[in-house]
2 protein chains.
Amino acid sequence: MTTLSAPRSDAEATTTVVVPLAGKAYDILIGPGLIARAGAEIAARFPGARASIVTDDTVAGHLAGALNASLEAAGLEPQTIVVPAGEKTKSFAVLETVVDGLIAQRRERGDLVVALGGGVIGDLAGFAASITRRGMRFVQIPTSLLAQVDSSVGGKTGINTPRGKNLVGTFHQPSLVLADTDALASLSPRHLRAGYAEVAKYGLIDDAPFFAWLERNHGEVLARGPALTHAVATSCRAKARVVVADEFETTGARALLNLGHTFGHALEASTGYGERLIHGEGVAIGMAQAFRFSASLGLCAPADAERVAAHLAAAGLPTRLADIPGDVADDETLIALMGQDKKVKRGRLTFILARGIGEAYVANDVPPDAVRAFLATERTL
Amino acid sequence: MTTLSAPRSDAEATTTVVVPLAGKAYDILIGPGLIARAGAEIAARFPGARASIVTDDTVAGHLAGALNASLEAAGLEPQTIVVPAGEKTKSFAVLETVVDGLIAQRRERGDLVVALGGGVIGDLAGFAASITRRGMRFVQIPTSLLAQVDSSVGGKTGINTPRGKNLVGTFHQPSLVLADTDALASLSPRHLRAGYAEVAKYGLIDDAPFFAWLERNHGEVLARGPALTHAVATSCRAKARVVVADEFETTGARALLNLGHTFGHALEASTGYGERLIHGEGVAIGMAQAFRFSASLGLCAPADAERVAAHLAAAGLPTRLADIPGDVADDETLIALMGQDKKVKRGRLTFILARGIGEAYVANDVPPDAVRAFLATERTL
Ligand SMILES: NC(=O)c1ccc[n+]([C@@H]2O[C@H](COP(=O)([O-])OP(=O)(O)OC[C@H]3O[C@@H](n4cnc5c(N)ncnc54)[C@H](O)[C@@H]3O)[C@@H](O)[C@H]2O)c1
Ligand SMILES: NC(=O)c1ccc[n+]([C@@H]2O[C@H](COP(=O)([O-])OP(=O)(O)OC[C@H]3O[C@@H](n4cnc5c(N)ncnc54)[C@H](O)[C@@H]3O)[C@@H](O)[C@H]2O)c1
């Protein structure tokens, strides 16, 4: 007996999410085998375009050959630019290298930049695409879970400067996103879990049923089974909704995506954005803290906060300051990092708080003293 | 007896041209005394914003003090970033310096970058504004005639790379343009004449009556008299029309602005973009050539070509290869520079040709042999 609804091919197993931005709507394809089909998918949408692949030296070893072959077969005349893996690559110096490479390859405005990698590559290559010849089109092929569910969708591009993260960049929407779930096979378990924190975030923001689904299915998601496609697709749909509501981060809707990021960024910054605490881990602690903080302010039930922490811990993620290896910076340092000095001076901090699971909201008026009192209890966990 | 229509104040002498782009319309104010009024004009439009002035070390000496005082008085908390004067400043290295300066000054997305200078400063500062914190607003205060009539309007920003001019940049419309005709007092006569070439261009493209007006009034325009405001305003209106028809250079309308630029750019490139031939001078020769070429192809009356060259020469501009000091590159070098190698290989060149004064059009199919034959006659002038 055959199950008629079971996919018989990769193409059938593909989910499509449309990001319906006026004048620049684009497809996100999610599922297995998409790198092998990338050439065909791209050539069908952008006839006559040529493609330059931008990737990092870790991802290149796993996936660049297959992508190159696929683009070559589709007549896209691919050429590749390889940059070092890691956050340091999001710099002016590497940006200049990528832009120069695209010009040396004689790419024109109608040609495509194809970002093959995690969020670092997507942010860097998207930025390079947006400024080379005053704007080339670009395709995201995210290869980390974080990039598949978050950074590849929404058009934020950028680099860091010595003065801070993501301070330089553009809004430049991709023309297509291909999230190949097979590509995650070579991703380290730690980065897989870190990306999972952003998946859980969408449930916590406004989708309690999805969070409940994750509680039941996180094992299969983290084992990279078929549930992974559903998790990625649900996340992309959620991100797409927010992006359409607030493309340029002006209406405030996009701020909800920062759930867990106010605490999380402060922890990341205080640990130097390194191996001690990677982004998704900071977000996991931050989300657990946002719920505990909400509970301590009487906004949400303590049971909800416990449920959030229990789920993240079950997924192998840190949820407490004590889970960070080594000493954690003191309260005043963290508070300063949270809002940047001058916002704290004006007296109030912005947090994403919650009235329950799936009920997050923007709180613009949190007094630093409330944060101080909360952090004191956090030190005892 | 008083003439009731004569302006009694700078404010009355100001002409306003609106660039009616949907969602980002902006004003161009043209007339005397605008730098002194800049603070008031900016503060009225952007309440609460702070301003960072970007300027070059030549312009700074003439105008930065007055602008700073005006912004200071209006509560805009100005700070200034000074870069070296000259085309070399349109580089990645200087861009990074400007962006870093804006971040060091703690400017936010709602704050303003104020570009005070010629086209170099407008292109560089506009680019920096478009990428700092993913997009700050910016105000153009053009101080060269070229910048007042051309580069400050339309939102093209950018820098050069060793591989070519303006290869990196964005489309980022200014939020306001203040063209203070008094600022031109310190501009060198040579740069004033170079900017005048772009003024004449608007007449030649599609406004024969304006060209005829210039034939009668160029003396007063170049003497920086009251006719200057009319010349700048008419030019800005023409540029604004084209920009609205083709904001992102996709419909082809913007291509008409390249009248004189195909020949002109090749001559500039062959002379190294230096003091031997500055941009507007290259454009002047290029426009005279575009009309002689059109006449030689039987497209326009030889008398029109003669009238064009006579007027440019009367304004003190070069109109022939022989007017360039030193040896001019050979025909094949110029042809290669005109279309970039690969376009020439496909066999055809794009030129802006004319059926008469005010009747320019885009010709996409010019055979290189026709250009060769024409250049041979040009060598004998
Ligand atoms: N643009 C946005 O909206 C947005 C949103 C969130 C995060 N970000 C940015 O994303 C970045 C973090 O993304 P990330 O976690 O993907 O970082 P990353 O790109 O550095 O990838 C993490 C590591 O995994 C490796 N890797 C990626 N895919 C792999 C694969 N399939 N197989 C083997 N190794 C693989 C990379 O080489 C890297 O070493 C940060 O710079 C952050 O600022 C951007
Ligand atoms: N963005 C566009 O649409 C566009 C259009 C045309 C040209 N451009 C660019 O504009 C640039 C050329 O512009 P430009 O000719 O103004 O060059 P520029 O900015 O170099 O100015 C020319 C010289 O005049 C000096 N100067 C400017 N204003 C002065 C004043 N009031 N008093 C004394 N000195 C003054 C400058 O310091 C400089 O030395 C080129 O880089 C070109 O690519 C851009």
Side-chain angles (χ1 to χ4, degrees), chain A residues 22-24 50 77 91-111 123 126-137 154-173 247-250 254 340-343 345-346, chain B residues 22-24 50 77 91-111 123 126-137 154-173 247-250 254 340-343 345-346:
Chain A
K24 47 189 167 185
R50 293 168 306 154
E77 302 176 30
S91 68
F92 259 109
V94 182
L95 176 73
E96 186 172 355
T97 309
V98 173
V99 166
D100 187 64
L102 294 170
I103 295 168
Q105 294 170 5
R106 293 183 161 275
R107 299 320 194 187
E108 303 281 343
R109 218 184 266 173
D111 292 330
D123 283 12
F127 189 22
S130 72
I131 64 174
T132 302
R133 296 184 178 277
R134 294 205 185 91
M136 296 176 63
R137 297 182 293 189
K156 277 196 191 182
T157 79
I159 57 173
N160 310 320
T161 86
R163 293 182 200 272
K165 272 201 65 173
N166 298 323
L167 289 176
V168 187
T170 54
F171 288 95
H172 186 59
Q173 299 293 334
E247 184 181 354
F248 298 110
E249 216 165 27
T250 45
R254 213 157 172 155
Q340 298 175 308
D341 280 320
K342 83 185 145 357
K343 282 195 195 149
K345 272 181 208 137
R346 271 192 235 129
Chain B
K24 47 189 167 184
R50 294 167 305 155
E77 301 176 30
S91 68
F92 259 109
V94 181
L95 176 73
E96 187 172 354
T97 309
V98 173
V99 166
D100 187 64
L102 294 170
I103 295 168
Q105 294 170 4
R106 294 184 161 272
R107 298 321 193 186
E108 304 281 343
R109 217 183 268 171
D111 291 331
D123 283 10
F127 189 22
S130 72
I131 64 173
T132 301
R133 297 183 178 276
R134 294 206 184 90
M136 296 176 63
R137 297 181 292 189
K156 276 197 192 181
T157 79
I159 57 174
N160 308 321
T161 86
R163 294 183 200 272
K165 272 202 65 173
N166 298 324
L167 289 175
V168 186
T170 54
F171 288 95
H172 187 59
Q173 298 293 336
E247 184 181 355
F248 298 110
E249 216 163 27
T250 45
R254 214 157 169 153
Q340 297 177 310
D341 279 321
K342 83 185 147 356
K343 281 194 197 150
K345 272 179 209 139
R346 270 191 237 130

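Below, read A as the first sequence line, B as the second, and so on, with proteins coming before strands; counting in each chain starts at 1. Bear in mind the structure is a predicted one, so any value in this text is a computation, not a measurement.
- Both the backbone and the side chain of A/V168 come within contact range of chain B, with heavy atoms under 4.5 Å apart.
- In this structure, no portion of B/A128 lies under 4.5 Å from any heavy atom of chain A.
- Note on A/I103, A/T132, A/T161, A/I159: by heavy-atom pairs under 4.5 Å with chain B, the leading option is A/I103.
- Pairing each heavy atom of A/R163 with each of B/D100, the nearest pair is NE-OD1, 2.9 Å.
- In this structure, A/R109 and B/F248 approach most closely via the heavy-atom pair NH1-O, 3.1 Å.
- Remark: A/E247 pairs with A/K24 by the salt bridge (Lys or Arg N to Asp or Glu O under 4.0 Å) rule, at least two apart or across chains.
- In this structure, CZ in A/R133 is found 11.0 Å from CG in B/N166, a value given to the nearest 0.5 Å.
- For B/S91, the side chain to side chain contact (heavy atoms under 4.5 Å, CB included) partners are B/A93, B/V94, not counting sequence neighbours.
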